[in-house]
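Single-structure report; data block below.
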2 protein chains.
Amino acid sequence: MPARRARGVSIEDVARAAGVSRQTVSNAINAPQRLRPETLDRVTELIREMGYSPDQSARSLRSGTRRIIAYTTPETDPANPNALMSGFLEALVAASGEVGYRILLVRPRPGQPQEKAIDEVIAGGGADAFLLSDVLDGDTRVEHLAAGGFPFAVFGRTGAGLPQSWVDLDSARAMADLVGLLAGRGHRHVGLLTMSLDQPWLRHRAEGFRAGVRGHGLTCVEATADDPESAVAAGRELLGGRPAPTALVVIDDWLAPAAYAAAQAEGLVVGADLAVAGFNDMPYAALLQPPLTTLRLPLRRIADALVGRLLTIIDDGVTPETGLLLPGEIVVRASLP
Amino acid sequence: MPARRARGVSIEDVARAAGVSRQTVSNAINAPQRLRPETLDRVTELIREMGYSPDQSARSLRSGTRRIIAYTTPETDPANPNALMSGFLEALVAASGEVGYRILLVRPRPGQPQEKAIDEVIAGGGADAFLLSDVLDGDTRVEHLAAGGFPFAVFGRTGAGLPQSWVDLDSARAMADLVGLLAGRGHRHVGLLTMSLDQPWLRHRAEGFRAGVRGHGLTCVEATADDPESAVAAGRELLGGRPAPTALVVIDDWLAPAAYAAAQAEGLVVGADLAVAGFNDMPYAALLQPPLTTLRLPLRRIADALVGRLLTIIDDGVTPETGLLLPGEIVVRASLP
DNA sequence: AACGTTCATTTGAACGTTCATATTGGCGGC
DNA sequence: GCCGCCAATATGAACGTTCAAATGAACGTT
């Protein structure tokens with residue numbers, strides 16, 4: 001017995017109270033410039049007084065828009081939740097809220113394919129647009145949405161031949177800048193502690209690292225690890241090589257504690273004997289001892305740009321011709337003196 | 001010019017194709033037991049084939065329910081995003097998805113009070129229920145929702161005289177258990193590194209710690225710090241006292257790196273000379289060197305219980321008489337050998 | 001054989017809004 | 001004084017669904 005929500009004041013109630021028609025009340029909200037100032041005042045005052053708020057369902061049913069953006073949460077390994085998600089979602093909610101849109105979280109039910117969940121939302125009119133993030137290599141969500149002609153944008157990048165409705169960090173440049181910072185501090189031989197490059201953004205970072213090394217005339221060594229223990233071992237291997245790197249860049253902040261441990265095991269003091277830099281500015285980066293120099297993503301600006309693009313698509317039907325790369329911000333802390 | 005969403009297949013289309021009435025198609029979805037099996041088969045097959053999905057707006061408008069739960073995201077300090085939020089939201093989306101509900105993120109616009117944002121959602125019929133978390137002492141959201149008689153539940157606790165529609169970790173017991181673990185490993189004098197107890201859950205943890213210390217006949221010392229640097233100082237103060245504690249509990253994982261640094265500064269090896277335990281099982285707890293023993297919240301079970309309670313309120317109009325405390329899980333890692 | 005019961009399905013109305021179009025009133029031009 | 005025009009507001013219809021009540025068919029009972 002699904003209890004029905006108590007119905008509140010309707011547009012009709014306000015109209016009667018104000019002695020005007022429904023449409024006039026509707027206009028007071030949606031097209032105030034059409035009303036005579038005194039009428040507008042009277043109506044808006046009554047709207048406020050009576051606590052009227054247009055019924056979203058009725059509005060959507062008639063107008064065909066919902067003012068809702070669906071965000072398909074990336075499927076996260078429960079053991080290692082996507083730590084960026086929290087910050088990005090935060091920024092996304094703020095950015096969309098400012099233009100009157102809300103965020104609906106969409107997730108396939110267990111066993112249901114992603115695309116099915118997307119189709120359900122689209123067919124049911126659950127949202128005006130989709131926002132995707134964490135698009136991996138085999139991910140067909142983008143193709144699917146593009147084929148359906150439904151408005152969407154991507155935090156990340158889309159392949160050639162697909163709508164270029166994406167915004168991303170310029171990871172390569174950010175990483176090259178990080179290497180530039182190292183070069184500026186006198187480092188000539190640097191190490192990169194990386195993980196398997198099965199995610200696009202990791203590849204961009206690695207490429208940026210190598211480009212930075214070449215561009216600044218440095219030399220480098222690399223090692224790969226996909227779990228904390230082997231990361232410590234890989235770090236020690238890098239640091240024990242000859243010549244030994246004087247700076248270590250980890251491709252993601254989560255590798256930083258392992259890098260610190262490797263340094264300690266090799267008798268090196270991070271921030272003095274060895275410079276360490278990370279990537280992502282996870283919340284714990286500032287908590288480590290010494291605090292970690294890392295690259296912060298401009299999450300709020302990314303969210304703003306994504307929402308802006310979505311509005312362009314929704315309102316004007318125009319899909320951006322090119323993606324947008326935004327610069328990161330290097331946060332210098334004691335690990336890289 | 002807000003572009004209108006293209007309308008898709010409607011219930012009418014399916015009804016015509018199947019040679020039945022609208023209502024029969026509706027029943028196929030909402031009350032399958034009312035249909036003759038063969039009719040049901042024919043209709044569901046056509047529904048699948050034509051890709052029909054009921055329009056959420058129309059459904060909500062008529063039925064007064066939305067199958068949406070509004071989650072008011074706690075206002076987060078951008079510098080230190082609520083790291084739990086990511087995991088909890090993850091669990092919440094999964095839990096609600098399994099019973100056919102989606103999560104709508106609600107956040108006041110800049111300058112708008114929380115309650116105004118809530119009222120807007122309620123009046124506009126944007127959700128069937130509210131879920132709150134991170135309810136701080138001065139927070140009036142609970143009172144507001146209770147006064148309005150709108151379905152809600154709280155991850156956390158509600159005060160006396162308010163609906164007891166909450167689910168929370170039994171923080172006190174969890175912390176006492178953690179102390180019990182220390183006692184079992186032979187520790188007799190333990191330290192607590194805490195922060196200002198301005199949040200209810202921190203008070204519960206501190207009380208649990210003291211109760212555990214009393215209950216196991218231990219002695220303890222405490223110190224308070226609210227930022228990383230003073231946390232290191234506070235940690236050294238604790239460790240430098242005489243008699244020196246052989247185990248250090250930090251009231252939140254974010255203090256753990258500071259505790260590790262303090263130990264190192266005092267010449268102690270964490271996991272050998274000193275045991276350290278944290279609380280929350282933040283993603284980085286497992287990454288620290290040595291990995292941190294900590295208390296993991298049963299986020300999925302909390303989310304399940306919360307969603308269950310919401311459904312009871314929504315469907316049956318029955319508000320639970322008492323809150324629900326769930327046990328945590330101690331994750332033993334190398335920091336507490 | 002007439003009659004109530006139950007089951008399966010249909011029908012008309014209603015949910016609250018916005019769209020498209022119609023109506024009203026006032027004002028200037030000639 | 002009449003006409004046309006524009007601004008301001010009003011009216012009827014429509015969006016797609018579910019509710020409440022009505023219809024019809026099948027069946028067992030007496």
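First the proteins, then the strands, lettered A, B, ... as listed; each starts at 1.
Residue B:Thr24 is in base contact, counting any heavy-atom pair closer than 4.0 Å across all strands shown.
Contact of A:Arg62 with D:dA14 (side chain to base): a donor-acceptor pair of N or O atoms is detected under 3.5 Å. Evaluation of atom-type donor-acceptor distances gives no pair under 3.5 Å for the side chain of B:Arg22 against the base of C:dT10.
Of the candidates D:dT18, C:dT10, C:dA20, C:dA20 carries the atom nearest the A:Gln23 side chain, counting heavy atoms from C-beta on. Side chain of B:Asn27, nearest nucleotide from D:dT17, C:dT10, D:dA10: C:dT10. Of all nucleotides listed (C:dT9, C:dG16, D:dT17), C:dT9 comes nearest to the side chain of B:Thr39. Each of C:dT18, D:dT18, C:dA8 was ranked by its minimum atom distance to the side chain of B:Arg36; first place goes to C:dA8.
With DNA chain C read from its 5' end, the first of the two nearest nucleotides for B:Ala58 and B:Arg42 is the one closest to B:Arg42. Both A:Leu35 and B:Ser53 lie close to DNA chain D; mapped to their nearest nucleotides by heavy-atom distance, the more 5′-ward contact belongs to A:Leu35.
Among B:Ile313, B:Val154, B:Thr322, the single residue meeting the side chain to side chain contact (heavy atoms under 4.5 Å, CB included) criterion with B:Ser165 is B:Ile313.
Between A:Asp304 and A:Arg300 there is a salt bridge, with a side-chain nitrogen of the basic residue lying less than 4.0 Å from a carboxylate oxygen of the acidic one. Electrostatic pairing of B:Glu45 and B:Arg42 does not count as a salt bridge here, judged by no charged N lying under 4.0 Å from a carboxylate O. Between B:Asp119 and B:Lys116 there is no salt bridge, since none of the side-chain N atoms of the basic residue sits less than 4.0 Å from a carboxylate O of the acidic one.
Between A:Arg59 and C:dT18 there is a side-chain N or O to OP1 or OP2 distance below 4.0 Å. For D:dT9, the OP1/OP2 oxygens have no side-chain nitrogen or oxygen of A:Ser21 closer than 4.0 Å. Between D:dG16 and B:Ser10, no contact under 4.0 Å exists linking OP1 or OP2 to a side-chain N or O. Look at B:Ser63 and you won't find any side-chain N or O under 4.0 angstrom from OP1 or OP2 of D:dT18.
Although no hydrogens or angles enter the test, the distance criterion places a donor-acceptor pair under 3.5 Å between the side chain of B:Thr158 and the main chain of B:Pro163.
Around atom CZ of A:Arg34, no more than 12 heavy atoms belonging to other residues, nucleotides or ligands sit under 6.0 Å away. Heavy atoms from other residues, nucleotides or ligands lying under 6.0 Å from CD of A:Glu321 number 12 at most.
Rounded to whole Å, atom C1' of C:dT10 lies 16 Å from atom CZ of B:Arg16. The CG-C1' distance, from A:Leu61 to D:dT18, rounds to 12 Å in whole Å. As a whole-Å value, the separation of A:Asp13 CG from C:dG16 P is 9 Å. Rounded to a whole Å, the CD atom of A:Glu12 is 11 Å from the C1' atom of D:dT11. Atom CZ in A:Arg34 sits about 8 Å away from atom P in C:dC19, given to the nearest Å. Rounded to whole Å, the distance from CD1 on A:Ile29 to P on C:dT17 is 8 Å. For B:Asp41 and C:dA8, the CG to P distance is 14 Å, given to the nearest whole Å. Following rounding to the nearest Å, A:Ile11 (CD1) and C:dC15 (P) show an atom-to-atom distance of 15 Å.
Put simply, the side chain of A:Arg102 does not reach to within 4.5 Å of the side chain of B:Leu105, judged on heavy atoms.
One axis for each end of the helix from C:dA1-D:dT30 to C:dC30-D:dG1, each built from five base pairs, and the angle between them comes to 50° at 10° resolution.
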